[in-house]
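Just so you know, ligand 1 is whichever comes first in the structure, and atom 1 is the first atom listed for that ligand.
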Amino acid sequence: MDEIAADPTHPRYQSLLLRHRLEEAEKKGMLAGSAMIAHGRGEAYDYLLGEQTIPSALQATKAALAALRGASQPVLSLNGNVVALAGKEMLQLAAVLECPVEINIFYRTPERMEALLSHLEVIKSSEGIDVQILGAEPNAKIPGLEGPRANCTKEGILDSDVIMVPLEDGDRCEALVSMGKTVIVIDLNPLSRSAKMGNITIVDELTRVVQNMLDLLSQPMQGNGGPFYDNEAGLTDALRHISKKFSAPDA
Ligand code: ATP
């Protein structure tokens, strides 16, 4: 890491740190060619949100946790960017929720799968985290999708009732919703197809969301406000927050 990125007092430290994680992941062959573009789009929205967890995003995070905790077969779906940015924290989250993670990537190649699996296995053993990692040997397909991106496992994504899909592509999100699952999306872009498709969309940066979830899970359980979550209201609030930025720079 260069000097600026290694300095926690630098005002762009967090952003530089995440970019650095992606650069390292890229060198290990974990990412698709479009990974940096996807991250850049996220960064732009994060800037507009003030690089913070807005109250409606925290509310969505709590609703998502309630859904995951109340699920009979929850699963956390991981793609390349998610493993690169928050692999350890996603495994920690899965351990607390006692559910598996499943690697499910859009551009599936044996080399990328191997790079992602071995990265997670190293974290698992060095951190002593006991979590099942699925996805290496797909044995089922997500109905309505074509090609390798439909691949999944029966014991993971296919049979899950609640699934968290951070940074998911809109098509696959739609297919999962059509299967009748409760789909939790993490996406900084409140206008993306995934954000609109999801049942509970958290408009916040991935690493902040996962940390918030881990913090919330370490506190005594509180009421969750019931099973209904108004996703459209959450997205509208995020857009309102962004538009306030244009009229008042410090909003
Ligand atoms: P869709 O198909 O849902 O309309 P898209 O084509 O924009 O979306 P992708 O490029 O597949 O989607 O995914 C990137 C999405 O992930 C973007 O919407 C971006 O805002 C979001 N994103 C990128 N990095 C992060 C991050 N660290 N935290 C949260 N969201 C992120």
Side-chain angles (χ1 to χ4, degrees), residues 5 12-26 30-54 56-61 64-65 76-90 93 103-108 112 116 142 144-150 163-178 181 183-214 231-232 234-235 237-239 241-242 245:
R12 309 287 323 138
Y13 173 70
Q14 203 54 32
S15 161
L16 294 168
L17 188 69
L18 297 189
R19 287 182 181 188
H20 180 73
R21 285 183 193 163
L22 288 174
E23 281 169 29
E24 292 299 303
E26 162 66 26
M30 289 161 49
L31 303 181
S34 57
M36 300 293 181
I37 299 169
H39 186 74
R41 173 142 45 187
E43 278 194 339
Y45 277 98
D46 205 15
Y47 224 92
L48 293 170
L49 286 163
E51 294 173 306
Q52 60 180 318
T53 299
I54 61 173
S56 57
L58 188 60
Q59 214 181 324
T61 304
L65 269 186
L76 310 182
S77 171
L78 310 183
N79 66 16
N81 281 38
V82 175
V83 173
L85 294 172
K88 182 172 96 178
E89 294 76 10
M90 290 298 285
L93 185 61
I103 301 181
N104 195 252
I105 52 179
F106 195 94
Y107 301 106
R108 182 186 281 263
R112 268 192 80 205
L116 291 166
I142 301 170
L145 291 180
E146 297 295 325
R149 70 199 174 105
I163 177 166
M164 185 156 90
V165 285
L167 328 186
E168 185 55 280
D169 119 272
D171 259 17
R172 198 154 50 186
C173 185
E174 184 173 7
L176 293 168
V177 172
S178 301
K181 301 179 189 306
V183 179
I184 299 164
V185 170
I186 301 174
D187 195 330
L188 279 158
N189 177 4
L191 297 168
S192 79
R193 288 188 61 236
S194 311
K196 290 180 186 164
M197 287 288 161
N199 301 104
I200 303 174
T201 297
I202 306 168
V203 184
D204 198 2
E205 199 281 318
L206 168 74
T207 61
R208 287 199 301 267
V209 175
V210 185
Q211 194 52 56
N212 286 340
M213 287 187 163
L214 289 169
N231 202 44
E232 210 175 310
L235 297 181
D237 184 78
L239 285 171
H241 202 90
I242 287 172
K245 260 281 174 282

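- Nearest heavy atoms, Leu116 versus Gly80: CD2-CA, 3.9 Å.
- Atom CG of Asp171 is separated from atom CZ of Arg149 by 4.5 Å, given to the nearest 0.5 angstrom.
- Scanning the protein for heavy atoms near atom 3 (O) of ligand 1, the closest one is Ser194 OG, 2.6 Å.
- Of all the heavy atoms of Leu85, the ones lying under 4.0 Å from any atom of ligand 1 belong exclusively to the side chain.
- Each of Asp187, Asp169, Thr201 was scored for a side-chain hydrogen bond (donor to acceptor under 3.5 Å, both in side chains) with Ser192, with one residue passing: Asp187.
- Within a 4.0 Å radius of atom 12 (O) of ligand 1, the protein contributes no heavy atom.
- Selection from Cys173, Gly170, Gly198, Ala195 by nearest heavy atom to atom 2 (O) of ligand 1 gives Gly170.
- In terms of protein heavy-atom proximity, atom 27 (N) of ligand 1 is closest to Glu205 OE2, 2.7 Å.
- Residues Val165 and Ser194 have side chains not in contact (no heavy-atom distance under 4.5 Å, counting atoms from C-beta outward).
- A salt bridge links Arg12 with Glu51; the closest basic N to acidic carboxylate O contact falls under 4.0 Å.
- Of the protein's non-hydrogen atoms, Arg41 NH2, 3.0 Å is the one closest to atom 7 (O) of ligand 1.
- Ranking the protein heavy atoms by distance from atom 28 (N) of ligand 1 puts Leu206 N, 2.9 Å first.
- Distance CE/Met90 to CE/Met164: 4.0 Å, rounded to 0.5 Å.
- Against a heavy-atom cut-off of under 4.0 Å, Asp204 is close to the following atoms of ligand 1: 28 (N), 29 (C).
- Considering backbone and side-chain N/O atoms, Asp187 comes within less than 3.5 Å of an N/O atom of ligand 1.
- Partners of Glu174 under the salt bridge (charged side-chain N to carboxylate O under 4.0 Å, His left out) rule, at least two apart in sequence or in another chain, are Arg193.
- In this structure, atom 9 (P) of ligand 1 has no protein heavy-atom contact shorter than 4.0 Å.
- Taking CG of Leu18 as the reference point, atom OH of Tyr13 lies at 9.5 Å (rounded to 0.5 Å).
- Of all protein heavy atoms, the one closest to atom 23 (C) of ligand 1 is Ala38 O, 3.1 Å.
- Nearest non-hydrogen protein atom to atom 31 (C) of ligand 1 is Leu167 CD2, 3.2 Å.
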- Message: Between Thr53 and Asn212, is the side chain to side chain donor-acceptor pair (under 3.5 Å) condition met? List the steps.
- Response: CA-CA 9 Å; Thr53 299; Asn212 286 340; 3.3 Å; yes
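- Counting atoms of ligand 1 from 1 in the listed order, those under 4.0 Å from a heavy atom of Arg193 are 1 (P), 3 (O), 4 (O).
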